[in-house]
Amino acid sequence: MNDVNPGDIPPHRYDAGLANTIEARWQEHWAQHGTFDAVNPTGPLSDPSHPRAGAEKLFVMDMFPYPSGAGLHVGHPLGYIATDCYARFKRMTGYNVLHPMGYDAFGLPTEIYAVQTGRHPAEITAENIARYRVQLKRLGMGYDTKRSFATSDPDYYKWTQWIFLQIFNSWYDPDADRARPVAELIASFADGTREVPGGRSWADLSDVERREIVDGHRLVYVDEAPVNWCPGLGTVLSNEEVTSEGRSERGNFPVFTRNLRQWKMRITAYSERLLADLDGVDWPDPVKAMQRNWIGRSVGAHIDFATGSGPIRVFTTRPDTVFGATYMVLAPEHGLVDELVPAAWPEGTHEVWTNGHATPAEAVAAYRKFAAAKTDVERQEGAKDKTGVFVGAYAVNPVTGTEVPVFIADYVLAGYGTGAIMAVPGQDERDWAFAEAFELPIIRTVQPTEGFDGKAFTGEGPAINSSSEGISLDGLGVVEAKARIIAWLEENGHGVGAITYRLRDWLFSRQRYWGEPFPVVYDETGMPVALPESMLPVELPEIDDFSPKTFDPDDADTAPEPPLGRATDWVNVTLDLGDGPKRYRRETNTMPNWAGSSWYEIRYIDPADTEAIAAPENERYWMGPRDGGHIGGVDLYVGGVEHAVLHLLYARFWQKVLFDLGHVSTAEPFKRLINQGYIQAYAYTDKRGVYVPAAEVEERDGNFYHDGEQVNREYGKIGKSLKNVVTPDEMCDEYGADTFRVYEMSMGPLEASRPWDTRAVIGSQRYLQRLWRNVVDEATGRVLIADVEPAEETWKILHHTIAGVREDMEHLRLNTAIAKLITLNNHVTGLAEVPRAVAEALILMTAPIAPHIAEELWERIGHTESLGNTDYPVADEAYLVVETVTYPVQVNGKVRGRIEVAADADEATVREAALAEEKVAAALEGKEPRKVIVIAGRMVSIVA
């Protein structure tokens with residue numbers, strides 16, 4: 001704050017004390033009057049008397065926070081303030097704006113803290129949410145509080161479980177290219193329109209056999225597959241929750257690959273639609289690219305290599321190189337490995353291939369243990385030294401008829417493609433390195449470019465060494481060669497053209513307590529049975545010990561033991577599911593924390609509806625497609641780019657399933673997406689490289705000191721780890737919420753990261769103080785504005801500002817909107833009297849960004865209603881007409897003068913005025929210019 005004697009401060013100065021008083025009063029007013037409540041077309045949240053009833057809608061959303069005990073720091077509200085400014089602006093321009101805020105409350109961080117403290121996760125969650133709500137309210141957020149919820153509320157996760165059941169009771173029909181109810185699949189088997197696997201009659205199958213067939217088609221299913229097992233956390237993790245170092249994102253524990261029986265969602269069925277529909281959304285190009293890369297569409301062929309235990313099927317994007325396949329590699333977990341392994345090494349087995357083991361079985365077992373200690377991420381990155389082992393069997397290359405050895409190696413993953421590759425070392429760097437390490441043959445099938453002297457050639461060129469009886473690719477380019485070999489493979493029964501995807505099915509099980517229980521039970525067959533909707537929600541039981549069993553972080557041979565398994569009275573239940581009371585066992589895993597955030601935008605629409613996730617009329621109003629190419633979905637969604645793959649991909653998948661089943665009106669959840677930047681702040685490290693509290697660092701003579709010792713300064717993302725946290729509470733105490741809002745929005749474009757500098761906040765405070773003084777006398781509190789007509793110049797400046805600010809606000813250019821308001825405010829400061837019309841327009845334009853001071857000034861100048869739904873100023877076109885234009889005049893590239901001419905002056909007039917300008921004429925020294933270029937409305941360039 002300024003160093004001013006308290007006795008010298010005018011009694012009505014706008015300072016932190018007055019700001020805090022004003023802000024608390026208006027926050028209570030908004031809460032009591034429901035100023036920011038949106039209105040639905042029907043149901044309990046409809047209201048025909050609402051000022052925006054029947055208006056055009058706008059749905060604005062933030063990626064909701066996971067509330068932690070630490071509360072918000074100044075980096076968190078950046079996107080929240082931006083959407084609040086935008087929502088307030090659009091509300092004032094006539095829109096019915098839905099701008100809600102909820103809380104992502106299930107998940108690992110709270111559970112870990114609960115385990116550490118012995119407190120219940122629900123209690124901790126409630127405290128954290130209360131803290132966030134207080135902080136967000138203090139910042140003046142104009143949320144529709146009637147629509148707030150937490151994903152851990154039973155009334156909310158009842159519908160998360162309901163959506164799970166919709167997915168469980170659906171299958172993907174590739175012919176219709178959409179999800180359909182499982183009941184329709186069963187009917188098609190029963191009436192013979194769909195062939196039963198194995199050629200048997202549906203009527204001849206047992207109940208268990210029928211259920212096995214149906215369960216194999218469901219969009220959510222139980223499967224035993226390689227997963228990321230984290231003993232230190234006692235749970236499995238998705239690939240996205242594992243760092244590039246092969247450790248857990250939470251806790252930094254080692255992660256291992258092992259086979260476990262888990263729930264999965266068949267998101268891969270939607271791969272093509274998830275790709276294609278990216279073209280219809282207004283998202284940042286980098287986010288679209290990340291999703292496309294994650295889905296990973298590849299066009300190629302499946303090729304079968306015969307073995308004594310059945311064919312090994314591979315997928316390759318370069319089937320034209322099959323003549324160069326000199327060995328095969330299976331993932332260590334591949335299901336065919338055990339069938340291929342013989343009792344002894346074949347005669348003549350190369351010593352390098354055995355890893356020194358006496359038998360193939362010993363070699364495979366040892367290598368599997370070695371590979372299990374690595375995550376998929378580590379295996380994909382590939383180690384410098386190639387590892388693997390021969391399984392003791394050979395496969396037959398279908399185009400050459402030669403036998404090729406079959407290896408297992410960790411660089412091939414069971415969960416990607418078919419879990420097997422044909423190795424073509426001549427055209428693949430990893431295969432070349434492996435072939436060198438194991439002394440395997442290398443055959444080039446693509447002619448390298450002239451002058452190439454490397455190892456594997458990965459470019460394009462004519463095919464070579466690619467002929468056998470009945471097929472020759474030699475001399476063909478890649479496209480023609482691929483087409484010819486695929487046709488030959490299909491004609492001869494050795495393969496088929498195919499499209500595959502990198503995307504894997506969504507691992508949906510977590511061995512945790514603090515998550516949504518699955519709405520399924522297991523019967524005496526051990527098969528899952530869906531609970532009826534009438535039994536929802538399935539609530540978490542109260543247990544004393546809700547921590548999962550954790551293990552030595554390095555013990556890969558352990559297995560999950562979910563905490564719900566200890567709630568035996570809850571797990572083992574007698575239920576009547578339509579055929580009399582029977583004993584069942586509940587699922588003891590819980591859903592991942594992504595479940596609740598995959599659909600929350602829908603529940604915001606109708607949070608009180610007890611009959612549906614949202615009434616159809618309300619859902620269509622807020623999210624349905626509209627004219628003009630609007631595909632539907634939330635109109636504006638703002639959040640961090642770190643959610644580009646996980647959350648956004650999962651939410652799109654759930655939305656598409658619900659769309660296919662007729663529960664929602666649009667196939668995409670979010671029409672427009674903006675990723676806000678980060679706020680960075682100085683962080684300081686001592687001579688050990690350890691971060692010290694930034695607030696305790698002193699600057700002296702350009703150097704920085706902590707406890708008397710010099711420290712190093714660096715920029716970093718604000719956070720606890722860097723000990724550079726600045727909280728919005730501190731800023732509100734010191735300057736007021738409006739000053740904090742103005743500063744954060746003026747720091748730069750929303751999408752850009754920006755440095756935090758507390759000292760610079762004073763500039764935003766001075767702007768608001770100047771605005772206050774333009775309306776209120778600091779000494780008396782008297783209102784200063786006058787009912788006088790503004791001068792012509794003031795009218796022009798005002799309406800140009802209105803036009804510019806409206807344009808900036810529409811495009812979320814809040815920093816430039818603030819700059820324009822400061823310019824207008826400075827002009828008003830210089831007026832002898834402040835005209836009411838100018839003051840009112842200035843206050844209204846300020847309101848979305850600094851709402852508290854705007855409300856206070858609006859009331860002080862005589863208005864009795866909140867300006868929250870007051871019309872935003874509109875520019876008068878008459879004052880936007882430009883009568884004259886100023887042209888800079890360059891002579892040989894250097895500006896020599898400026899001329900002012902009529903805005904509609906023709907080129908000849910501008911040329912004549914430029915040549916007549918005194919300084920320009922002097923620069924020409926009476927000589928005729930070689931060239932005069934007039935760029936209309938911008939400049940004149942003269943070449944002497």
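The shown structure was predicted, so the numbers you read here are calculated from the model rather than taken from an experiment.
Within the 4.5 Å cutoff, the side chain of S466 has no heavy atoms near those of the D320 side chain. Residues M422 and T321 have side chains in contact (heavy-atom distance under 4.5 Å, counting atoms from C-beta outward). In this structure the side chain of P592 reaches within 4.5 angstrom of the side chain of W506, judged on heavy atoms. Annotation: side chain of H350 is not in contact with side chain of L440 (no heavy-atom distance under 4.5 Å). Contact annotation: the side chain of H647 never approaches that of E642 to less than 4.5 Å [non-hydrogen atoms, C-beta and beyond]. Taking 4.5 Å as the limit, some side-chain heavy atom of I485 sits within range of a side-chain heavy atom of V399. L330 has its side chain within reach of L340: a pair of non-hydrogen atoms, C-beta onward, lies under 4.5 Å apart. For the pair I312/M328, a side-chain contact is recorded, criterion being any heavy-atom separation below 4.5 Å from C-beta on.
Annotation: salt bridge (Lys or Arg N to Asp or Glu O under 4.0 Å) contacts of R444 (sequence neighbours excluded): none. Among residues two or more places apart in sequence or in another chain, the salt bridge (Lys or Arg N to Asp or Glu O under 4.0 Å) test is passed with K671 by none. Residues satisfying the salt bridge (Lys or Arg N to Asp or Glu O under 4.0 Å) criterion with R292, sequence neighbours excluded, are D279. In terms of the salt bridge (Lys or Arg N to Asp or Glu O under 4.0 Å) criterion, residue partners of E436 (sequence neighbours excluded) are, by chain and number, K455. For S271, the side-chain contact (heavy atoms from CB on, under 4.5 Å) partners are T268, I295, Y501, L503, not counting sequence neighbours. Under the rule for a ring pair (Phe, Tyr, Trp, His ring centres under 6.0 Å), the partners of F653 that lie at least two apart in sequence or sit in another chain are Y270.
Smallest separation of non-hydrogen atoms from I442 and A435: CG1-CB, 4.0 Å. T307 approaches A395 most closely through the heavy-atom pair CG2-CB, 3.7 Å. The minimum heavy-atom distance between P319 and I486, with the atom names listed, is CG-CG1, 4.0 Å. Heavy-atom minimum distance, F315 versus S298: CZ-O, 3.6 Å. Counting all heavy atoms, side chain and backbone alike, P332 lies closest to Y367 at CG-CE2, 4.0 Å. Of all heavy-atom pairs spanning G392 and P346, the tightest one is O-CG, 3.2 Å.
In this structure a side-chain-to-backbone donor-acceptor pair under 3.5 Å is missing from R484 to I471. Of the possible polar contacts, none joining the D431 side chain to the G426 backbone as a donor-acceptor pair under 3.5 Å is found. Put simply, the side chain of W294 never gets that close to the backbone of L646: no donor and acceptor are under 3.5 Å apart. Side chain of D474 to main chain of N465: a donor-acceptor pair is present (N/O by atom type, distance under 3.5 Å, no hydrogens or angles). N397 places a side-chain N or O within donor-acceptor distance of the main-chain N or O of A325, the cut-off being under 3.5 Å. Side chain of E480 to main chain of G477: no donor-acceptor pair is present (N/O by atom type, distance under 3.5 Å, no hydrogens or angles). Judged purely by atom type and a 3.5 angstrom limit, T666 uses its side chain to pair as donor or acceptor with the backbone of I631. Of the possible polar contacts, one joining the S206 side chain to the E209 backbone as a donor-acceptor pair under 3.5 Å is found. At least one donor-acceptor pair closer than 3.5 Å links the side chain of W283 to the backbone N or O of F670. Between the R258 side chain and the A372 main chain, no donor and acceptor come within less than 3.5 Å of each other.
Note: L278 CG to R652 CZ = 4.0 Å, rounded to the nearest 0.5 Å. A distance of 11.5 Å separates CG of L658 from OG of S665, quoted to the nearest 0.5 Å. Interatomic distance, CZ of F508 versus CH2 of W594, reported as 12.0 Å (0.5 Å rounding). Note that NZ of K482 is 8.0 Å distant from OG1 of T316, once rounded to the nearest 0.5 Å. A distance of 6.5 Å separates CG of L237 from CZ of R510, quoted to the nearest 0.5 Å. Separation of atoms OH (Y172) and CG (L219) is listed at 9.0 Å; rounding is to 0.5 Å.
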- [ ] For R266 and H217, run side-chain contact (heavy atoms from CB on, under 4.5 Å): C-alpha distance rounded to whole Å, both residues' side-chain angles, the deciding distance at 0.1 Å, then the answer.
- [x] CA-CA 9 Å; R266 212 180 298 274; H217 283 77; 5.7 Å; no

TODO: Apply side-chain contact (heavy atoms from CB on, under 4.5 Å) to the pair V214 and W171, showing each step before the final yes or no.
DONE: CA-CA 9 Å; V214 171; W171 67 293; over 6 Å; no

TODO: Given side-chain contact (heavy atoms from CB on, under 4.5 Å), test V641 with V287 step by step and report yes or no.
DONE: CA-CA 7 Å; V641 71; V287 174; 4.1 Å; yes

- [ ] Kindly indicate, with the supporting measurements, whether the criterion side-chain contact (heavy atoms from CB on, under 4.5 Å) is fulfilled by L507 and N228.
- [x] CA-CA 10 Å; L507 180 65; N228 297 311; over 6 Å; no

Identify every side-chain donor-acceptor pair in residues 180-192 under 3.5 Å, counting partners at least two apart or on other chains, and give the distances.
unit_1, atom_1, unit_2, atom_2, d
R180, NE, E184, OE1, 2.7
R180, NH1, D173, OD2, 2.5
R180, NH2, E184, OE1, 2.9
S188, OG, L185, O, 2.7
S188, OG, R194, NE, 3.4
D191, OD1, T193, N, 2.9
D191, OD1, T193, OG1, 2.7

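A side-chain donor from one of T445 and Q427 sits under 3.5 Å from a side-chain acceptor of the other. Judged purely by distance below 3.5 Å, without hydrogens or angles, the side chains of N589 and Q511 pair a donor atom with an acceptor atom.
Taking the charged nitrogens against the carboxylate oxygens, K288 and D285 have no contact shorter than 4.0 Å, which rules out a salt bridge.
Sorted by first then second residue, the salt bridge (charged side-chain N to carboxylate O under 4.0 Å, His left out) pairs that include residues 326-352, not counting sequence neighbours, are E333-R379, D338-R368. The salt bridge (charged side-chain N to carboxylate O under 4.0 Å, His left out) analysis of residues 294-308, with sequence neighbours excluded, yields the pairs E272-R297, D304-R313. Among residue pairs with one or both ends in residues 417-464, those qualifying as ring pair (Phe, Tyr, Trp, His ring centres under 6.0 Å) are Y327-F434, F407-F434, F407-F438, Y411-F434, F434-F438, F452-F457; sequence neighbours excluded. Pairs of residues two or more places apart, or lying in two chains, that qualify as salt bridge (charged side-chain N to carboxylate O under 4.0 Å, His left out) and include a residue from residues 654-663 are R273-D660, D277-K656, K656-E668. A ring pair (Phe, Tyr, Trp, His ring centres under 6.0 Å) check over residues 462-488, counting only residues at least two apart or in different chains, returns the pairs W488-H494.
Between F164 and F168, the two ring planes are parallel [angle under 30°; tilted spans 30° to 60°]. Under the 30°/60° scheme for interplanar angles, the aromatic rings of W263 and F518 are found to lie parallel.
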